[in-house]
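Worksheet: one structure, shown below.
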Protein chains: 2
Amino acid sequence: MQLTQILDQVYPLPQGAREKITGRVREVAFGKNHLLMRAGRVERNLYFIQSGMVRAYADAGDHEITFWFGSEGETIVSMNSYVAGKPGYEHIELLEPCILYELRAEELQQLYQEDLQIANWGRKFAERELIKTEERLISRQFKTAAQRYKELLADNPDLLQRVALCHIASYLGITQVSLSRIRSEIR
Amino acid sequence: MQLTQILDQVYPLPQGAREKITGRVREVAFGKNHLLMRAGRVERNLYFIQSGMVRAYADAGDHEITFWFGSEGETIVSMNSYVAGKPGYEHIELLEPCILYELRAEELQQLYQEDLQIANWGRKFAERELIKTEERLISRQFKTAAQRYKELLADNPDLLQRVALCHIASYLGITQVSLSRIRSEIR
DNA sequence: ATTAAAATTTTACAAATGATAAATAATGGC
DNA sequence: GCCATTATTTATCATTTGTAAAATTTTAAT
């Protein structure tokens, strides 16, 4: 997906504002399994996904918790770094080879202070992510794991082809064994 | 808590920008149990809490799910209305008598288009809420209900005095019976 | 203070999910 | 294509959490 399209689906920008962003972006590519971001670091870049699939996960002692999948058109940020300049709590791992648009967070912050439309773009970006996260939190509370699995597949039909089941199980908040049970009961 | 203090803790505003907001705000008061917002409606106002405590809850067929508590200094918005102009999924109920600062959402949206600093205030507001929600989603996944209960009390020491246990149980994602079990095991 | 209503706890049992280990299937490197 | 590795499923049993109903405590109104 092209950068301008990615930016516009968050919030349509006038030509000039859009160019301020695109002019600061570099195209980069990484292979499968590359660790794009590590927890505990202040992450200095953010990325828009032109193609490929990634996951965000947090450490939980002995295992890891996948809490986000990103694919074409989505934005990768270490939220704590991006929002508060603090070390992030998430790792970002590439599940497929990816082509990304890279942007220095500092430069974007600078644009927020200069350009009204870009500040509103940043507002819309956070607002949209907030609604998605809040809906997931609520759904976690009143849907069974089986329902959440079915809905996830309905929303992302190609997820099964692109993501390992152990990551999907983690994302759903259940063990891989539980997910196996659910899958066998459906068929 | 005073309005200027509430606004500034999100993002410090220059005098002029701050007055653009405060000039559009009305002080209103409602009694305990008042339903401030209802799911399914497009909500036209947002509120800053000067004093009191509220909860947000969603309907889940036969029961309700409390997913947010708000008290002094926090902001009450119907996220779907505020962000997308769509009917909200949450009810807002007053758990105590409240004094609120009321602001028409439309006027705030107007200010976002006019004032760079206010647009950045709105951005920071969404970003902060996003981090809080994401952390809750993750904590739901790798902490036991007992841990989440203890942490909730540690962060909000007066919650037990102000909120019914059935709402706390719902917020934690467990039944009231489970919460009772947890409470009896702690002592 | 008394009483009715609501909130919370307790009990007993059922259902869902987790942990572990073994079996099977799929994948990637050579 | 073969083998080693990794991913997934299956089976068994333990633990957690839910459901329902009754008992108890708290709250609020008179």
Side-chain angles (χ1 to χ4, degrees), chain A residues 30-35 52-53 55 57 60-67 69 93-97 137-153 158-187, chain B residues 31-35 53 55 57 60-67 69 93-97 137-153 158-187:
Chain A
F30 297 100
K32 183 172 176 172
N33 297 324
H34 176 70
L35 248 191
M53 168 84 76
R55 72 178 178 114
Y57 65 97
D62 52 343
H63 65 298
E64 22 178 86
I65 291 163
T66 296
F67 62 92
F69 295 115
E93 179 189 51
L94 273 59
L95 301 175
E96 301 174 350
L137 182 69
I138 296 171
S139 111
R140 179 73 56 92
Q141 214 152 335
F142 69 106
K143 288 173 187 156
T144 65
Q147 282 178 299
R148 299 202 305 273
Y149 174 69
K150 285 180 206 158
E151 285 183 14
L152 180 65
L153 292 196
D158 56 344
L159 206 65
L160 278 186
Q161 279 56 312
R162 303 174 71 180
V163 176
L165 286 173
C166 61
H167 297 146
I168 293 177
S170 175
Y171 180 88
L172 292 171
I174 56 180
T175 60
Q176 187 171 349
V177 176
S178 274
L179 179 57
S180 254
R181 267 193 287 247
I182 288 168
R183 283 162 54 79
S184 72
E185 281 158 21
I186 285 175
R187 254 166 301 101
Chain B
K32 184 172 175 173
N33 297 323
H34 176 70
L35 249 191
M53 168 84 76
R55 72 180 178 114
Y57 65 98
D62 52 344
H63 66 297
E64 13 177 276
I65 291 162
T66 296
F67 62 91
F69 295 115
E93 179 189 52
L94 272 59
L95 301 175
E96 301 174 350
L137 183 68
I138 296 171
S139 109
R140 180 74 59 91
Q141 215 153 332
F142 69 107
K143 288 175 187 156
T144 64
Q147 282 178 299
R148 300 202 305 273
Y149 173 69
K150 284 180 207 160
E151 286 183 14
L152 180 64
L153 292 196
D158 54 346
L159 207 66
L160 278 185
Q161 278 57 312
R162 300 174 72 180
V163 176
L165 286 173
C166 61
H167 297 147
I168 294 177
S170 174
Y171 179 88
L172 291 171
I174 56 179
T175 60
Q176 188 170 349
V177 175
S178 275
L179 179 56
S180 254
R181 271 192 284 246
I182 288 168
R183 284 162 53 81
S184 73
E185 281 158 21
I186 285 176
R187 255 168 299 105

Counting only side-chain heavy atoms from C-beta out, which of [options] sits nearest to [X]?
X	options	value
A:Arg181	D:dT9, C:dA19, D:dA20	C:dA19
B:Thr175	C:dT17, D:dT19, D:dT9	D:dT19
A:Leu165	C:dT8, C:dT17, D:dT9	D:dT9
B:Ser178	C:dA21, D:dT17, D:dA20	D:dT17
A:Gln176	C:dT8, D:dA7, D:dT19	D:dA7

Could you tell me the separation between the [atom1] atom of [X] and the [atom2] atom of [N], rounded to a whole number of Å?
X	N	atom1	atom2	result
B:Glu64	C:dA7	CD	P	11 Å
A:Asn33	D:dT5	CG	C1'	14 Å
A:Tyr149	C:dA16	OH	P	18 Å
B:Arg183	D:dT25	CZ	C1'	12 Å
A:Arg140	C:dT17	CZ	P	12 Å
A:Glu185	D:dA11	CD	P	12 Å
A:Ile182	C:dA15	CD1	P	17 Å
B:Gln147	D:dT16	CD	P	13 Å

Closest non-hydrogen atom pair, [X] against [Y]:
X	Y	result
B:Ala60	B:Ile65	CB-CD1, 3.6 Å
A:Phe69	A:His167	CZ-O, 3.8 Å
B:Leu94	B:Gly31	CD2-O, 3.5 Å

Under 3.5 Å: donor-acceptor pair, side chain of [X], backbone of [Y]:
X	Y	value
B:Arg55	B:Leu95	no
A:Arg148	A:Lys143	yes
A:Gln147	A:Thr144	yes

A:Leu160 side, atom CG; A:Tyr149 side, atom OH - distance, nearest 0.5 Å
4.5 Å

Comparing B:Lys32 with B:Gly173, nearest DNA chain D nucleotide closer to 5' gives the residue B:Gly173

End axis versus end axis in the helix from C:dA1-D:dT30 to C:dC30-D:dG1, the angle rounded to 10°, five pairs used at each terminus:
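End axes: 60° apart.
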
For B:Val163 and for A:Thr144, find the nucleotide of DNA chain C with the closest heavy atom, then tell me which residue's nucleotide is more 5'.
B:Val163

Classify the nucleic acid contact of A:Ile174 as base, sugar-phosphate or nothing, counting any heavy atom under 4.0 Å across all strands shown.
sugar-phosphate

